[in-house]
Amino acid sequence: MQKIHLKAPDHWINDPNGFIYYKGYYHMFYQYFPYDTRWGTMHWGHAVSRDLVQWEHKGIALFPSKYDDRNGCFSGSAIEHEGKLYLYYTGTRYLEENPEDIHVCLNDRFAAAQMMMVSEDGLHFDNWKDKITVIPPLEDESIGCRTHTRDPKVWRGKDVWYMILGTRREKTKGGVLFYRSRDLRNWEYVNFAGKDEEFSWMWECPDYFVCDGRDVLIVSPIDLMKDGKTDRNQAICFLVDFEEETCRMQIPEEYQFLDYGMDLYAPQSALDAEGRRVLTAWARMPESPSGDWIGMYCIPRVAEVKENHIYFHVHPNIRAAFTRRIERPAEADVSGYRLEANMQEGDVICIGGYEIVRIGNRIRTDRSRVFRNHQDYRMQFETPELMDGCHVEVYVEPNLIEVFVNDGEYVITNVVYDLGTELQTECEDAVKIYTVE
């Protein structure tokens with residue numbers, strides 16, 4: 001059983017997949033390589049939770065078993081229909097395989113197909129009988145790329161089902177494809193949406209939803225940040241205009257980062273038991289903390305749109321788990337602790353070597369003392385200008401710090417290593433600390 005942060009049970013995990021509330025449980029599937037602490041032939045691991053706080057791993061749900069997914073079950077989503085759980089994902093087949101390592105494709109030569117698996121109860125998965133290919137590898141390059149079209153997110157529209165896919169078009173332009181279906185098996189292409197060629201050559205893990213009456217698009221563009229850093233691929237959010245009948249989407253120039261810590265990628269959302277739009281994302285880790293696992297997810301966040309801005313609040317179930325007041329971090333539960341403070345100009349909070357500072361009307365963080373082995377990654381992070389005041393709510397565990405500013409107006413999430421237990425504060429207002437009961 002894991003609390004607060006869902007982590008790899010062992011070896012490697014990356015993107016969250018198939019996030020859904022189904023038959024009284026939250027189901028989280030995840031990209032999983034069960035043989036080593038590195039990326040390899042993708043499976044889908046599976047975890048469930050009653051409350052988004054405590055997670056129980058259930059083993060492997062999807063593994064390669066068909067011609068179109070013989071080299072991996074890439075990312076996708078889940079929907080419920082007539083009581084059954086439908087999983088949609090991208091199956092991959094290598095056209096050129098490394099003879100010295102069958103888990104590696106050479107020269108980016110592989111074919112991507114969109115596939116479906118149906119489970120009667122969300123707990124049992126027959127990889128031999130219940131998988132089919134619903135969209136074969138694309139042949140028409142004017143629609144999308146045979147290799148780089150992936151990560152289906154499916155939802156119910158007014159009358160039919162819709163699917164959004166990340167793609168590359170004409171070899172240089174990233175964007176999304178829209179498909180629709182009446183029976184969840186037969187899908188027809190409808191439209192494409194994207195931006196100019198200089199923006200990104202491929203958009204991964206698209207997610208579209210309506211929140212507070214606004215259309216929201218979240219994507220993870222490859223090579224968005226063009227400054228030479230390793231963490232150049234980022235998750236971003238747009239407030240878009242979407243016309244369902246034609247799948248015409250107008251994407252503005254303006255966007256905001258999902259998280260200003262630049263470590264979160266491939267987010268996926270679902271509706272929780274109360275109908276709130278909640279999401280989580282993969283926290284990219286350049287090394288294993290202990291040698292036997294790598295990969296974890298941020299705490300679930302509730303999306304809200306106010307005044308043309310997308311907020312990401314701490315999910316109330318997570319906040320409610322941290323109820324025991326403590327005086328210092330060393331007294332915390334193994335799940336970590338929550339810290340709260342109102343920060344004035346110049347105030348500083350130093351958490352085991354990780355620094356949070358208010359400078360003007362922004363929050364700035366610095367992890368350089370707890371991320372020393374990875375200078376090719378970013379070390380300092382900063383929010384845009386804050387709207388009003390500066391309250392921080394910080395969730396700390398040994399390898400992840402999440403700083404929520406003004407209840408999710410902006411969030412900075414950072415992976416850390418060798419974090420100390422000392423807490424030093426130079427704040428005019430009192431700092432409060434809570435751990436899990």
Side-chain angles (χ1 to χ4, degrees), residues 15-21 75-79 88 151-158 161-167 174-180 190-195 199-200 203-221 224 233-260 264-272 274-282 297-315 383-384 387 404-411 413:
D15 305 1
N17 297 156
F19 185 23
I20 190 172
Y21 183 69
S75 293
S77 59
I79 57 102
Y88 289 88
D151 311 333
K153 178 66 184 287
V154 177
W155 74 96
R156 179 70 179 178
K158 294 177 183 176
W161 297 93
Y162 290 89
M163 176 190 293
I164 187 172
L165 288 160
T167 195
V176 293
L177 301 177
F178 295 97
Y179 284 74
R180 65 178 162 222
V190 186
N191 216 334
F192 168 87
K195 291 177 69 65
F199 189 74
S200 164
W203 294 11
E204 294 192 296
C205 302
D207 194 352
Y208 163 77
F209 53 85
V210 177
C211 183
D212 299 309
R214 300 295 301 273
D215 296 319
V216 178
L217 175 68
I218 300 179
V219 293
S220 296
L224 176 69
N233 306 331
Q234 297 299 327
I236 60 175
C237 315
F238 295 96
L239 290 173
V240 300
D241 289 318
F242 181 65
E243 184 181 82
E244 185 174 289
E245 290 185 4
T246 62
C247 289
R248 184 173 180 269
M249 179 176 282
Q250 292 183 324
I251 302 175
E253 290 299 317
E254 301 78 21
Y255 63 85
Q256 66 183 78
F257 287 102
L258 177 89
D259 189 288
Y260 286 79
L264 295 188
Y265 198 68
Q268 188 165 111
S269 75
L271 294 177
D272 71 4
E274 285 72 39
R276 294 173 290 225
R277 179 61 58 172
V278 57
L279 62 78
T280 188
W282 169 45
Y297 295 158
C298 68
I299 59 178
R301 303 164 181 200
V302 177
E304 182 184 17
V305 180
K306 295 190 297 186
E307 299 178 356
N308 294 320
H309 182 77
I310 308 170
Y311 286 72
F312 294 104
H313 311 295
V314 177
H315 193 281
T383 68
M387 298 179 191
F404 290 81
V405 184
N406 292 341
D407 195 23
E409 179 183 344
Y410 297 106
V411 191
T413 299

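All heavy atoms count here, side chains included; hydrogens, waters and symmetry mates do not.
- Across Ser269 and Lys153, no two heavy atoms sit closer than the pair O-NZ, 3.4 Å.
- Rounding to the nearest 0.5 angstrom, the gap separating the NE2 atom in His309 from the CE atom in Met387 is 4.5 Å.
- One finds the CE atom of Met249 at 11.5 Å from the CZ atom of Phe192 (value rounded to the nearest 0.5 Å).
- With sequence neighbours excluded, no residue forms a salt bridge (Lys or Arg N to Asp or Glu O under 4.0 Å) with Glu409.
- Looking at heavy atoms from C-beta onward, Tyr260 lies out of side-chain contact with Val405 at the 4.5 angstrom threshold.
- Pairing each heavy atom of Ala235 with each of Pro267, the nearest pair is CB-CD, 3.7 Å.
- Atoms OG and CG, from Ser200 and Asn233 in turn, are 7.5 Å apart once rounded to the nearest 0.5 Å.
- The backbone N or O of Gly174 sits nowhere less than 3.5 Å from a side-chain atom of Lys195 that would complete a donor-acceptor pair.
- Between Asp151 and Pro206, the closest side-chain pair of non-hydrogen atoms falls below 4.5 Å.
- By the salt bridge (Lys or Arg N to Asp or Glu O under 4.0 Å) test, Arg276 pairs with Asp272, Glu274, sequence neighbours left out.
- Checking each of Asp241, Ile310, Asn308 against Arg214 for a side chain to side chain contact (heavy atoms under 4.5 Å, CB included) leaves exactly one that passes, namely Asn308.
- No side-chain donor-acceptor contact under 3.5 Å links Gln268 to the backbone of Asp207.
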Are Asp407 and Tyr311 close enough, and set up right, to give a side-chain contact (heavy atoms from CB on, under 4.5 Å), and what steps lead you there? CA-CA 8 Å; Asp407 195 23; Tyr311 286 72; 5.8 Å; no
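- Proximity of Leu279 to Leu258: side-chain heavy atoms (C-beta onward) are separated by under 4.5 Å at one or more points.
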Derivation and outcome, side-chain contact (heavy atoms from CB on, under 4.5 Å), residues Asp212 and Glu304: CA-CA 7 Å; Asp212 299 309; Glu304 182 184 17; 3.3 Å; yes
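- The environment of Arg156 atom CZ is dense: over 12 non-hydrogen atoms of other residues, nucleotides or ligands sit within 6.0 angstrom.
- Asp259 places a side-chain N or O within 3.5 Å of a backbone atom of Thr413 that can act as its donor or acceptor partner.
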Show your reasoning for whether ring pair (Phe, Tyr, Trp, His ring centres under 6.0 Å) applies to Phe19 and Tyr297. CA-CA 12 Å; Phe19 185 23; Tyr297 295 158; 9.2 Å; no
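- Between Val240 and Gln250 the shortest heavy-atom distance is CB-O, 3.3 Å.
- Interatomic distance, CG of Asn191 versus CD of Glu243, reported as 9.5 Å (0.5 Å rounding).
- Of all heavy-atom pairs between Trp203 and Gly194, the closest is CH2-CA, 3.9 Å.
- Of all heavy-atom pairs between Phe404 and His313, the closest is CE2-C, 4.2 Å.
- Inter-residue side-chain proximity for Leu224 and Phe199 is flagged as met; some heavy-atom pair is nearer than 4.5 Å.
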Step-by-step side-chain contact (heavy atoms from CB on, under 4.5 Å) determination, Val216 to Leu239: CA-CA 5 Å; Val216 178; Leu239 290 173; 3.9 Å; yes
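- Between the side chains of Gln256 and Tyr410, not a single donor N or O lies within less than 3.5 Å of an accepting N or O.
- Between Trp155 and Ser77, the closest side-chain pair of non-hydrogen atoms is not below 4.5 Å.
- The ring-ring contact (aromatic ring centres under 6.0 Å, His included) check on Phe242 picks up Phe178, Tyr208, with sequence neighbours excluded.
- Counting non-hydrogen atoms of other residues, nucleotides and ligands closer than 6.0 Å to CD of Glu245 gives a total of 12 or fewer.
- Here the side chains of Cys205 and Trp282 are not in contact, with every heavy-atom distance at 4.5 Å or above.
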Walk me through whether Leu271 and Phe209 qualify under side-chain contact (heavy atoms from CB on, under 4.5 Å). CA-CA 10 Å; Leu271 294 177; Phe209 53 85; over 6 Å; no
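- Taking 4.5 Å as the limit, every side-chain heavy atom of Tyr21 sits out of range of all side-chain heavy atoms of Val278.
- Separating the CD1 atom in Ile164 from the OH atom in Tyr179 is a distance of 12.5 Å, to the nearest 0.5 Å.
- Side-chain N or O atoms of Asp15 include none that pairs as donor or acceptor with a backbone N or O of Ser75 at under 3.5 Å.
- A 4.5 Å side-chain heavy-atom check between Val190 and Tyr162 finds every atom pair outside the cut-off.
- Side-chain N or O atoms of Thr280 include one that pairs as donor or acceptor with a backbone N or O of Cys298 at under 3.5 Å.
- The nearest pair of heavy atoms linking Tyr265 to Ser220 is OH-O, 3.1 Å.
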